[in-house]
Protein chains: 2
Amino acid sequence: MQRYFTITQLTQEFDITTRTLRFYEAQGLVLPQRRGRQRLYTPGDRTRIKLILRGKRLGFSLNEIKEMIEMYGSSPGETGQLRLLLERIAARREELLEKQRDIELTLLELDEVESGAKARMSELHTKMHVETE
Amino acid sequence: MQRYFTITQLTQEFDITTRTLRFYEAQGLVLPQRRGRQRLYTPGDRTRIKLILRGKRLGFSLNEIKEMIEMYGSSPGETGQLRLLLERIAARREELLEKQRDIELTLLELDEVESGAKARMSELHTKMHVETE
DNA sequence: CAGCCTTTTTACGTTAAAGTCAATAGATCA
DNA sequence: TGATCTATTGACTTTAACGTAAAAAGGCTG
């Protein structure tokens, strides 16, 4: 029993438009089957779409995302290709680790701004309190 | 003693073009002083540029980055504004935490692909070994 | 089977973030 | 001072990632 999703189901689930999904298909990122002219998405297609959107949230371009997806599915039988695959994995991992550090720093700065704002807020309250005494 | 950076120094340090820095200036993201027509960047300007590039790496748009930078510098004196600032901080934090989770997942998947590739690689070696015996 | 709704195709438009190019202005160096 | 270099400005172009609109093709319903 193969369960399929329609394009509109997926657009609603992920809050994207049909234009977007067809665009991703034109870029070779998803390849839904057809029943006549209608697109049928398998659970596997749905997973790929999730991967695409996750990549987008992290700031990767569609081309980079395509490469990553191809990495996932690839199982090269030759040593040279395998070595290349391992290199690409290492490179991606580096990028992701850098993004992690970037996020850590940004979160720390947000903490600072927040405590500054909270301090000013309690100052304001104190002042109001004194003035109304 | 105020030390200044020239535009080319910064382009070399951050590996961007002068066009990019002037574009950021036109968008109001940095505001270097002028000596005649020449731009002079202070250490503070340099820090802002670092913030911009970090934001870009995380997939934020220049407009979002501008908002964040303005948050950093702002010190509103009114409670309503402060409350708004705190809300924005919370929203940003949520986004960043989601990105963190996205990264974790992606790293895990990379691990899987990698160990799969390594397994296939040692299979290949074993096979070669057997065949050449 | 006529009418209506959804889906698909095709084609052109748009926006963000620069890239490229040409003209001009200062700055520098022999 | 003339020549050369670098920086600035303005205009136009490009690319990615869709948005929008129009026409045709199914599919469903009374």
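Only a predicted model underlies this, so the values are computations on that prediction, with no experimental measurement involved. Below, read A as the first sequence line, B as the second, and so on, with proteins coming before strands; counting in each chain starts at 1.
Atom CG in A:L62 sits roughly 18 Å away from atom P in C:dA16 (whole-Å rounding). In this structure, the CD atom of B:Q38 is 8 Å from the P atom of C:dA27, given to the nearest Å. Atoms CD1 (B:I65) and P (C:dA18) sit 9 Å apart, rounded to a whole Å. What separates CG of A:L10 from P of C:dT7 is a distance of 12 Å, to the nearest Å. Atom pair B:L40:CG and C:dG26:C1' shows a separation of 14 Å (rounding to whole Å applied). For the pair A:Q9 CD and C:dT6 P, the computed distance is 15 Å after rounding to whole Å. One interatomic measurement links the two molecules: CZ of A:R19 to C1' of C:dC12, which rounds to 11 Å at whole-angstrom precision.
Of the possible polar contacts, none joining the B:Q38 side chain to the B:R35 backbone as a donor-acceptor pair under 3.5 Å is found. Listed for the A:K99 side chain is no donor-acceptor partner under 3.5 Å among the backbone atoms of B:I103. Formation of a donor-acceptor pair under 3.5 Å by the B:R46 side chain with backbone atoms of B:Y41 is not found in this model. At distances below 3.5 Å, not a single donor-acceptor pair connects side-chain atoms of A:R3 with backbone N or O atoms of A:P43. The backbone N or O of A:S61 lies less than 3.5 Å from a partner atom in the side chain of A:E64, making a donor-acceptor pair.
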Canonical and wobble pairing (Watson-Crick, G-U, under 3.5 Å) of DNA chain C, dot-bracket with |: ||||||||||||||||||||||||||||||

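Contact annotation: A:T18 does not reach the phosphate of C:dT8 (side-chain N/O to OP1 or OP2, under 4.0 Å). Between B:T20 and C:dG19 there is a side-chain N or O to OP1 or OP2 distance below 4.0 Å. Taking only side-chain nitrogens and oxygens, B:Y24 comes nearer than 4.0 Å to OP1 or OP2 of C:dA18. Under 4.0 angstrom from either OP1 or OP2 of C:dT9 there lies at least one side-chain N or O belonging to A:R39.
Backbone-only engagement by A:S61 is indicated by non-hydrogen atom pairs under 4.0 Å involving sugar-phosphate atoms exclusively. Residue contacts for B:T17: at a heavy-atom cut-off of 4.0 Å it reaches the sugar-phosphate backbone alone, with no base atom in range. When heavy atoms are screened at a 4.0 angstrom cut-off, A:R34 is found touching the sugar-phosphate backbone but no base atom.
Residues A:G36 and B:T8 both approach DNA chain D. Their nearest nucleotides, taken by heavy-atom distance, put B:T8 toward the 5′ side. Nearest-nucleotide positions on DNA chain C for B:F60 and A:R22 put A:R22 closer to the 5' end. Nearer to the 5' terminus of DNA chain D, by closest-nucleotide assignment, is the contact made by A:F23 (compared with the other of A:F23 and A:R35).
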Begin from the C-alpha positions of A:E13 and A:I49 and carry the test side chain to side chain contact (heavy atoms under 4.5 Å, CB included) through to its verdict. CA-CA 11 Å; A:E13 175 174 1; A:I49 293 168; over 6 Å; no

Please lay out, stage by stage, how B:L110 and A:M71 fare under the test side chain to side chain contact (heavy atoms under 4.5 Å, CB included). CA-CA 9 Å; B:L110 281 186; A:M71 281 183 16; 3.7 Å; yes

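By the 4.0 Å N-to-carboxylate-O rule, A:E109 lies close enough to B:R54 to be salt-bridged with it.
If you check the side chains of A:T11 and A:T8, you find no donor sitting under 3.5 Å from an acceptor.
The footprint of chain A on DNA chain D, defined by a heavy-atom cutoff below 4.0 Å, extends from D:dA17 to D:dG26.
B:L53 contributes atom CG, which lies 5.5 Å from atom OH of B:Y24 (distance to the nearest 0.5 angstrom).
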